[in-house]
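Note on naming: letters A, B, ... go to the chains in the order of the sequence lines (proteins, then strands), and numbering restarts at 1 for each one.
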There are 2 protein chains.
Amino acid sequence: MTRVLVVDDEPQILRALRINLRARRYDVEVAADGANALRLAASHRPDLVVLDLGLPDMDGVEVIRGLRGWTRVPIIVLSGRAGSQDKVAALDAGADDYVTKPFGVDELLARIRAVTRRAVGAGEEVPAVRIGRHTVDLAAHAVRADDEREVRLTPTEWHLLEILVRNPGRLVSQRQLLHEVWGPQYQSETNYLRQYLAQLRRKLEDDPARPRHLLTEPGMGYRFQP
Amino acid sequence: MTRVLVVDDEPQILRALRINLRARRYDVEVAADGANALRLAASHRPDLVVLDLGLPDMDGVEVIRGLRGWTRVPIIVLSGRAGSQDKVAALDAGADDYVTKPFGVDELLARIRAVTRRAVGAGEEVPAVRIGRHTVDLAAHAVRADDEREVRLTPTEWHLLEILVRNPGRLVSQRQLLHEVWGPQYQSETNYLRQYLAQLRRKLEDDPARPRHLLTEPGMGYRFQP
DNA sequence: TTGGCGCGTCAAGGCGGCGTCAAGAACCGG
DNA sequence: CCGGTTCTTGACGCCGCCTTGACGCGCCAA
């Protein structure tokens, strides 16, 4: 059964969605604010998140980022704001769809079917990989050495490592890395990549001079080798 | 570069989308009716289809079904019809997103990024090809020998190999290879091709002196034989 | 038979890209 | 306001990739 996490602060919408989704044989969890949403998502691992952007405690886009830090679960955004800026921000933060209130329940259900249909086969991921003597736990956003010592990574280092780890064995182009970490206007500043890859190797690889997991493909990009 | 097929019968919309997408470095093909859309999709294998539902020759939902019969390429529907029924029908036929006209270009671009982002690594077909004792994985940009050893290719070698492999069994002319790899101003520098084909054979063929997969067609071009 | 063309092969040089170090700028918490 | 961390920018040596030239061979036509 498909598990859905519905995040909204308006009780009547929460109730309406719960009833409709339960009737369609979905397994429904609900949260009324961002903090609870992130907590529930981590503990219950839903197959889909329906997220209202107008939450009392934090910005909806921040919730998206919080989820995207460790999971690729489909996210459908509900919002009263129909502005182009809001849509672009939410979608680029990692949302899969954006529905403007007021919305038809039929339409929302169809969009739910659309995103979940595509998600099957994407497969559950293993958010814990090993690099040298270290374990990278994407879900916990932490790196532990074998001797229990924590390794600290800066935000940029995390962002970079995350992209590479999410594409195990695959080459990731320099352009793609620059785009995703520094923004679309960066595309030739490869010195950034050299700098941060060196940092990551220093912190993670057994022999930073001879990386075995964070590999350079000269002229093309970088590759994480499990 | 991401290939986009835009299907619309209104020339001004076609033109606006083509300009905007080209400016964002998308490779754009256009079609004005459903029959041409299906034909172009089959021959050019786009990474994304933007489809107007109001076509002169056939119903848009039929186009979606025609595509879904053989490909999981992401489909974004454009439509002037805002009715719930139309949205549900298109989405359930296999569309990934539904945008109502008039739409903001920024929003459409964001939705394009959203669906393509999800598509990478998901439903992609697995273009893994064998040459001699080696497996060429185009998606991962990697070559593995049967004994698990990685074979490293330079960017130019990759570029060349990719063109040949994407045209299995077909003759690719020297001019086309030079154009695509070195640029339009190169057309007679066949020594480059000799040089790099020899490299590829050395790295991939069992007996580089007697290639069985990377074949020369004297005076014309080269051919990849699966 | 002989010449020419096209292809495969080898070798050498230039140069761009990569890893590295270092220092200044920007940012954040106290 | 200050100290520490993080990010940005510049410089430099070196390795490897791209380019280029030269040579031999086989095929075809004259």
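With rounding to whole Å, B:Leu215 atom CG is found 14 Å from C:dC7 atom C1'. We find that CZ of B:Arg210 is positioned 12 Å from P of D:dG26, with the value rounded to whole Å. Put simply, CG on A:Asp207 is 14 Å from P on C:dG19, counting in whole angstrom units. In this structure, A:Leu177 atom CG and C:dC18 atom C1' are separated by 15 Å, rounded to whole Å. Atoms CG (A:Leu193) and P (C:dG19) sit 10 Å apart, rounded to a whole Å. Between the CZ atom of A:Arg202 and the C1' atom of C:dG19 there is a distance of 10 Å, given to the nearest Å. The interatomic distance linking B:Glu217 (CD) with C:dG6 (P) rounds to 16 Å, in whole Å.
Between the side chain of B:Arg111 and the backbone N or O of B:Asp106, no donor-acceptor pair lies under 3.5 Å. Checking side-chain atoms of B:Asn20 against main-chain N and O of B:Ala16 turns up a donor-acceptor pair under 3.5 Å. In this structure a side-chain-to-backbone donor-acceptor pair under 3.5 Å is present from A:Asp96 to A:Ile75. At distances below 3.5 Å, not a single donor-acceptor pair connects side-chain atoms of B:Arg144 with backbone N or O atoms of B:Glu150.
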Could you go through nucleotides 24-30 of chain C and list every protein N or O atom that sits under 3.5 Å from one of its N or O atoms, giving the distance for each pair?
none

Output one letter per nucleotide in nucleotides 7-21 of chain D: B when a protein non-hydrogen atom lies under 4.0 Å from the base, S when only the sugar-phosphate is that close, - when neither is. BBB-B-----SBBS-
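Taking the six-membered ring for Trp and thresholds of 30 and 60 degrees, B:His141 and B:Trp158 have nearly parallel ring planes, at less than 30 degrees apart.
Between B:Arg133 and B:Asp147 there is no salt bridge, since no side-chain N of the basic residue sits under 4.0 Å from a carboxylate O of the acidic one.
In this structure, the helix from C:dT1-D:dA30 to C:dG30-D:dC1 shows an angle of 40° between the axis at its start and the axis at its end, each fitted on 5 base pairs and rounded to 10°.
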Apply the test side chain to side chain contact (heavy atoms under 4.5 Å, CB included) to residues A:Thr2 and A:Ile112: give CA-CA distance (whole Å), side-chain angles for both, the deciding distance (0.1 Å), then the verdict. CA-CA 11 Å; A:Thr2 308; A:Ile112 286 176; over 6 Å; no
Could you please spell out the steps behind the side chain to side chain contact (heavy atoms under 4.5 Å, CB included) verdict for B:Leu153 and B:Leu200? CA-CA 8 Å; B:Leu153 299 184; B:Leu200 286 173; 4.3 Å; yes
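Side-chain polar atoms of B:Arg194 and B:Asn191 form no donor-acceptor pair below 3.5 angstrom.
When every heavy atom of A:Asp9 is checked against every heavy atom of A:Pro11, the shortest pair comes out as O-CD, 3.3 Å.
The closest side-chain heavy-atom distance from B:Val115 to A:Arg118 is not below 4.5 Å.
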